[in-house]
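Okay, structure first, notes after.
Order of appearance sets the numbers: ligands from 1, and atoms from 1 within every ligand. Note: hydrogens, waters and symmetry copies are ignored here, and every other heavy atom, side chains too, is used.
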Amino acid sequence: MSTDAQRRAGDAPDEVASAGTAVPNVQEHAGLLRLVANSVPALMAFYDADTLRCLFANAGYAKTFGLDEQTVVGRTLEEIIGPESTRAIAPYVDEIRRHHRPQRYERQLPPSQGSRWIEVQLLPHFDVDGALSGAFVLINDITRYRQAERALRESEERLSKFMDASVEGIVFHKDGIITDANEPAVSMLGYTLDEIRGRKNLEFIAPDQVPRVIEVMTARAEIAYESAVLHRDGTRIPVEFIVRTVVHGGETLRMTVIRDLRATEAARARIHHLAHHDALTGLFNRTAFMERLDALMGSGRAGDAQGALLFIDLDNFKRVNDSLGHVAGDVLLQTLAQRLTSLLRASDIVARFGGDEFMVLLPGAMPLDDVQEVANKLLAALASPVMLDGRSISVTPSLGIALYPQHAHTPADLLKNADAAMYLAKRHGRATHQVYDPELGRRALEALELEMQLTRAIERDEFVLHYQPQVHAADGRLAGCEALIRWRHPTRGLVEPDLFIPLAEEQRLILPIGQWVLREAAHAARRWRDAGRALPVSVNLSSLQFRDAAFADGVAAVLAEAGIPGSMLEVEITERMLMDDLEAVRGTLQRLKELGVRVAIDDFGTGYSSLGHLNQLPIDRIKIDRSFVRGLPEHTGNAAIARAIVTLAASLGRQVIAEGVETEAQRDFLVALGCQQLQGLLFGAPTEGAPFAAAA
Ligand code: C2E
Ligand code: MG
Ligand code: MG
């Protein structure tokens, strides 16, 4: 636009105003004016102050209201902008007409006029007398500003909603000065928003973390990292910072999300605990124990750390679980775990490897004697009865010891060797310990081999029964015999029962083996009777067999099959078997009695039986264990025991038989005591085939 045009455009209102009272008379002026008016980006119009009729409008103005430059002229304001808009701007129009002051307002055009936001200026125009003659209307489109403004407002609203909703702390700062923070952030720090706004963010950072925070701020890094803040009371709070640079309200700010890690750390600690401890007993678990063993033996390689590993296994824990239920089993394990920890030093390491296996590590140099002393102490503590549901329950632990560096150089070997020692302890009987010796490995292997061979011994028909005579004490006449099993091993020859019965019991192979013995003995009795020499036969039972609810039915079936009366059969049970579920025991014994089968208590005096049981249960006779027969009559202790047993049996109305009678002195002493029957080498060793010749 030329300077001339600018000047004229600036003059325009005057030109228009002078034209307000008369029809424009200067053609060129009008043309120039229109040219200028149509060139400016604004909308323009001029209205008569009295009539509110449009006297002039540029093209943009007319078009906005659906008119053109010609048709718009002469129309009233209301006709042009519509009644609604007229009502809306009435206050401004009134104001300029009444007080002659310029007006400025913003409004949004109705949808029919394009919905745009406009800024309107109303400028009064006066005639030569100073009276208001008209109003000049100047309109700018401000839609774009309005939109930007709205977007900003919305984003602010969104952000503040987000900050309010977040459970994590959020802090904004500009160049390290806090500008805003949400409620979780201020309460985590123990302040109010007003107290922290305007302060340096570094004031709230734990001192040792400040360098790192400065580094991140300086680099304007957008990262997440762990740090720590300080609460007003000085408490250090572990946190994670997630930092971003954001443009907010036209300003570049740093936004920090502060995540309180205290709960997370507690959870981490809990998970760590769970991962390293046995949930039931709170002892270390296998993982944790092996870690410690590793660390200890690792240092042993460098220096001369020493230690002992005690491998403990409970022999009959499964039985407790099966008969009393898992809850009782759990209580038992917890009690035993407590006993272990209470006996050991804090520096000793105790673990449960699951099931009924416990592991104890005694770190540090220690003479073997001392290790064994600890082992015995632990065994005694574990073996002492636990009260469960009003019953006194005891388990028998077996313990294996392996030392390092003497017995192994790696944790795995140490464990394996302690295990082998434990295995041997189990073989050796109840509540004992064994120290590893290199021979053990070989023997353990042998046992395993034996086990495999045992499973095939029945089908290969490798078992045989030997019969040992039992005689009347009074005259030495044959009264019966005891069937004793032997294993004709393909390479080892005849194997004695003590070497394989415990293994068979452990593997439950004793059930088919026991059944075989029962049938074999019954059939033998039948053959003898058919040969005209009827002789009762005694059969040894294992507790597993006897505990089977269907045991008595099995016996009935065998008797029927062999075709002999029950009176030809006697079963030998041990005192221990009477300790099981008394009602079940009573039922089985009762059923055997109905079949006519007799019951003897074997190895009497070596177990712990309740005299009450003896009295209540249908038991026919008691067998004095051969360990009490040994040394009679000189051995005064055994003599007293033998006498007590015979007296007791007599008073309960039970018969007595003594086993292991080897000498005449023993026989005479037992006869004098009043023992009814005798068994032992003196009368005949166990032999394959009928025992008649020996007793004859
Ligand atoms: P037990 O029932 O106490 O058997 C008596 C043991 O004493 C037998 O040992 C027998 O040979 C031995 N013996 C006999 N006379 C004398 C003697 O004068 N002096 C000495 N010192 N010992 C004598 P065996 O045959 O080695 O049996 C050992 C144990 O094996 C038996 O002890 C019994 O508990 C178990 N057993 C044997 N056969 C069977 C069976 O068929 N089933 C079950 N479950 N156990 C059996
Ligand atoms: Mg016996
Ligand atoms: Mg015996």
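- Here Phe289 and Phe353 bring their ring centres to under 6.0 angstrom of each other.
- With no hydrogens or angles considered, a side-chain donor-acceptor pair links Arg339 and Ser384 at under 3.5 Å.
- Backbone or side-chain N, O or S atoms of Asn540 reach the Mg ion (ligand 2) at under 2.8 Å.
- Aromatic rings of Tyr404 and His409 (six-membered ring for Trp) have centroids beyond the 6.0 Å cut-off, not under it.
- Look at Pro686 and you'll find a heavy atom under 4.0 Å from some atom of ligand 1.
- Of the heavy atoms in Gln679, none comes closer than 4.0 Å to ligand 1.
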Show your reasoning for whether side chain to side chain contact (heavy atoms under 4.5 Å, CB included) applies to Leu336 and Val395. CA-CA 10 Å; Leu336 299 184; Val395 291; 3.8 Å; yes
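- Any N or O atom pair closer than 3.5 Å counts here, and Pro497 shares no such pair with ligand 1.
- In summary, Glu659 places no N/O/S atom under 2.8 Å from the Mg ion (ligand 2), failing the contact criterion.
- At a heavy-atom distance under 4.0 Å, only side-chain atoms of Arg626, from C-beta outward, approach ligand 1.
- Ligand 1 has a nitrogen or oxygen under 3.5 angstrom from a nitrogen or oxygen of Glu659.
- Taking a cut-off of under 4.0 Å to the non-hydrogen atoms of Glu496, the atoms of ligand 1 that pass are 26 (O).
- With a 4.0 Å heavy-atom cut-off, ligand 1 is reached by no atom of Lys623.
- Of all the listed residues (Leu682, Thr663, Asp498, Leu544), Asp498 holds the heavy atom that lies closest to atom 29 (C) of ligand 1.
- For the Mg ion (ligand 2), the set of nearby N, O or S atoms under 2.8 Å includes one belonging to Glu482.
- Residue Ile513 does not touch ligand 1, judged by heavy-atom distances below 4.0 Å.
- Taking 4.0 Å as the cut-off, Arg486 counts as a neighbour of ligand 1 on heavy-atom distance.
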